[in-house]
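One structure is given below, encoded as structure tokens.
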Amino acid sequence: MQPFTLAACESLSVLVLGCHSDDIEIGCGATLLGIAQRHPHAEVTWAVLSAEGERGDEATASARAFTEGTARLDLRLESFRDGYFPYHGAAVKDWFEDLKSSVEPDVVFTHHGQDRHQDHRLVAELTWNTFRRHLILEYEVPKYDGDLGSPNVFVPLDEEVVAKKMELLRRQFASQSSRHWFDEEVFRALLRLRGMEAAPPTRYAEAFYGRKLALAP
């Protein structure tokens with residue numbers, strides 16, 4: 001499989017959406033590190049819908065670290081109640097409508113629509129409702145629920161960027177270090193599995209679900 005490359009352009013607008021602090025970093029952190037390295041003109045809107053207190057502080061520091069080198073970071077931290085997104089659906093929908101009026105992204109990274117976490121599913125659904133004519137890539141987050149699937153878009157990664165992702169996850173999310181799922185072996189194993197599936201020149205890859213893609217002739 002030969003990977004597509006983001007075309008050189010004078011501007012690149014990236015929108016990344018996550019329900020909780022660390023979702024974005026786990027799901028597509030290495031891809032974002034690569035964008036920061038190769039596209040210094042990129043402008044990134046980074047939104048975490050449930051990030052308060054210590055978790056908000058972690059999200060802020062992490063977003064800055066993962067986008068270091070880009071032209072601009074627009075960080076938006078919200079306070080929707082963790083685990084209750086579907087029960088506050090109207091408020092979350094209103095937030096998405098406000099977001100739509102303030103950003104015009106070239107690519108959107110969001111949760112996978114078949115994720116078993118209820119918050120993740122709602123955000124994926126509203127992403128598609130809101131950004132209907134945009135390139136949307138859904139990332140995966142390994143968890144106890146065992147909901148990994150068969151993604152169809154792969155971003156090959158070299159060892160350097162994988163190591164940087166692992167180092168930043170350890171450094172930025174100390175509050176999660178005791179969680180049984182927050183484990184470098186888990187994160188690296190998923191990258192290795194997706195690398196095996198994509199058969200890139202390197203051993204690792206992040207994987208996404210691309211439901212609808214338009215290719216320029």
Side-chain angles (χ1 to χ4, degrees), residues 1-6 14-38 46 48 58-59 62-63 65-67 107-121 123-125 127-128 135-213 215:
M1 177 185 296
Q2 294 299 316
F4 288 103
T5 302
L6 284 171
V14 180
L15 171 62
V16 287
L17 298 164
C19 290
H20 318 101
S21 304
D22 72 30
D23 284 340
I24 293 169
E25 294 86 342
I26 293 171
C28 59
T31 298
L32 295 173
L33 286 170
I35 289 174
Q37 290 173 0
R38 297 178 178 87
W46 183 299
V48 184
E58 288 180 336
S62 182
F66 273 87
T67 61
V107 58
V108 182
F109 294 95
T110 192
H111 287 281
H112 180 213
Q114 300 303 312
D115 193 306
R116 290 186 180 174
H117 192 297
Q118 64 273 19
D119 295 351
H120 296 186
R121 287 197 306 273
V123 165
E125 178 183 344
T127 302
W128 281 95
L135 170 60
I136 297 175
L137 297 177
E138 304 174 14
Y139 58 79
E140 54 185 355
V141 178
K143 63 179 71 66
Y144 174 78
D145 307 82
D147 54 8
L148 295 178
S150 299
N152 56 2
V153 179
F154 297 86
V155 177
L157 308 169
D158 58 33
E159 174 60 39
E160 181 180 356
V161 75
V162 170
K164 182 67 175 295
K165 172 176 174 171
M166 299 302 143
E167 189 271 327
L168 287 177
L169 285 172
R170 288 193 304 271
R171 187 205 316 169
Q172 304 297 346
F173 297 105
S175 69
Q176 305 302 293
S177 61
S178 64
R179 306 269 184 158
H180 78 279
W181 51 266
F182 197 90
D183 181 270
E184 181 171 335
E185 285 188 276
V186 172
F187 302 145
R188 188 177 281 269
L190 182 57
L191 298 181
R192 177 67 188 102
L193 174 64
R194 298 316 187 195
M196 178 275 297
E197 293 175 341
T202 59
R203 290 167 53 84
Y204 301 98
E206 278 182 337
F208 303 89
Y209 297 82
R211 296 193 213 171
K212 183 181 291 188
L213 304 175
L215 301 180

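Keep in mind that this is a model prediction, so the values were computed, not measured.
- Residue Cys19 is tested with His117, Gln118, His111 for a side-chain contact (heavy atoms from CB on, under 4.5 Å); the sole match is His111.
- The minimum heavy-atom distance linking Leu135 with Lys212 is given by the pair CD1-O, 4.5 Å.
- The line from SG of Cys28 to CG of Asp23 is 9.5 Å long, rounded to the nearest 0.5 Å.
- Counting only distance, with no hydrogens or angles, the side chain of Arg192 and the backbone of Arg203 share a donor-acceptor pair below 3.5 Å.
- Residues satisfying the side chain to side chain donor-acceptor pair (under 3.5 Å) test with Ser175, not counting sequence neighbours, are Glu58.
- Residues passing the salt bridge (Lys or Arg N to Asp or Glu O under 4.0 Å) test with Asp158, sequence neighbours excluded: none.
- In plain terms, the two heavy atoms of Pro156 and Phe154 that are nearest each other are CD-O, 3.6 Å.
- In this structure, the side chain of Ser62 does not engage the main chain of Ala59 through any donor-acceptor pair within 3.5 Å.
- Residues meeting the side chain to side chain donor-acceptor pair (under 3.5 Å) test with Asp119, sequence neighbours left out: His20.
- Atom OG1 of Thr31 sits about 3.5 Å away from atom CD of Glu206, to the nearest 0.5 Å.
- Partners of Ala65 according to the side-chain contact (heavy atoms from CB on, under 4.5 Å) rule, which considers only residues two or more places apart in sequence or in another chain, are Leu168, Gln172.
- For Tyr204, there are no ring-ring contact (aromatic ring centres under 6.0 Å, His included) partners, not counting sequence neighbours.
- By the ring-ring contact (aromatic ring centres under 6.0 Å, His included) test, Phe109 pairs with Phe208, sequence neighbours left out.
- In terms of the ring-ring contact (aromatic ring centres under 6.0 Å, His included) criterion, residue partners of His112 (sequence neighbours excluded) are, by chain and number, Tyr209.
- Expressed to the nearest 0.5 Å, how far OG1 of Thr127 lies from CD1 of Ile136 amounts to 6.0 Å.
- Contacts of Arg116 classified as side-chain contact (heavy atoms from CB on, under 4.5 Å), with partners at least two apart in sequence or in another chain: Arg121, Asp145, Asp147.
- Partners of Arg194 by salt bridge (Lys or Arg N to Asp or Glu O under 4.0 Å), not counting sequence neighbours, listed by chain and number: Glu140, Glu197.
- Salt bridge annotation for Glu159-Arg188: present, with a cationic side-chain nitrogen under 4.0 angstrom from a carboxylate oxygen.
- Contact check for Leu190 versus Leu148: side-chain heavy atoms found under the 4.5 Å cut-off.
- Tested against Leu137 for a side-chain contact (heavy atoms from CB on, under 4.5 Å), the candidates Val153, Val16, Val108, Thr110 yield a single pass: Val153.
- Between the side chain of Thr202 and the backbone N or O of Leu157 there is at least one donor-acceptor pair closer than 3.5 Å.
- Residues Lys143 and His120 are in side-chain contact: their nearest non-hydrogen atoms beyond the backbone lie under 4.5 Å apart.
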Verdict with reasoning, Gln176 to Ile26, per side chain to side chain contact (heavy atoms under 4.5 Å, CB included): CA-CA 12 Å; Gln176 305 302 293; Ile26 293 171; over 6 Å; no
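- Legend: residues meeting salt bridge (Lys or Arg N to Asp or Glu O under 4.0 Å) with Arg211, ordered by chain and number and at least two apart, are Glu138.
- Residues passing the salt bridge (Lys or Arg N to Asp or Glu O under 4.0 Å) test with Glu160: none are found, sequence neighbours excluded.
- Within the structure, ring-ring contact (aromatic ring centres under 6.0 Å, His included) contacts touching residues 162-182 (residues at least two apart or in different chains) are Phe182-Phe187.
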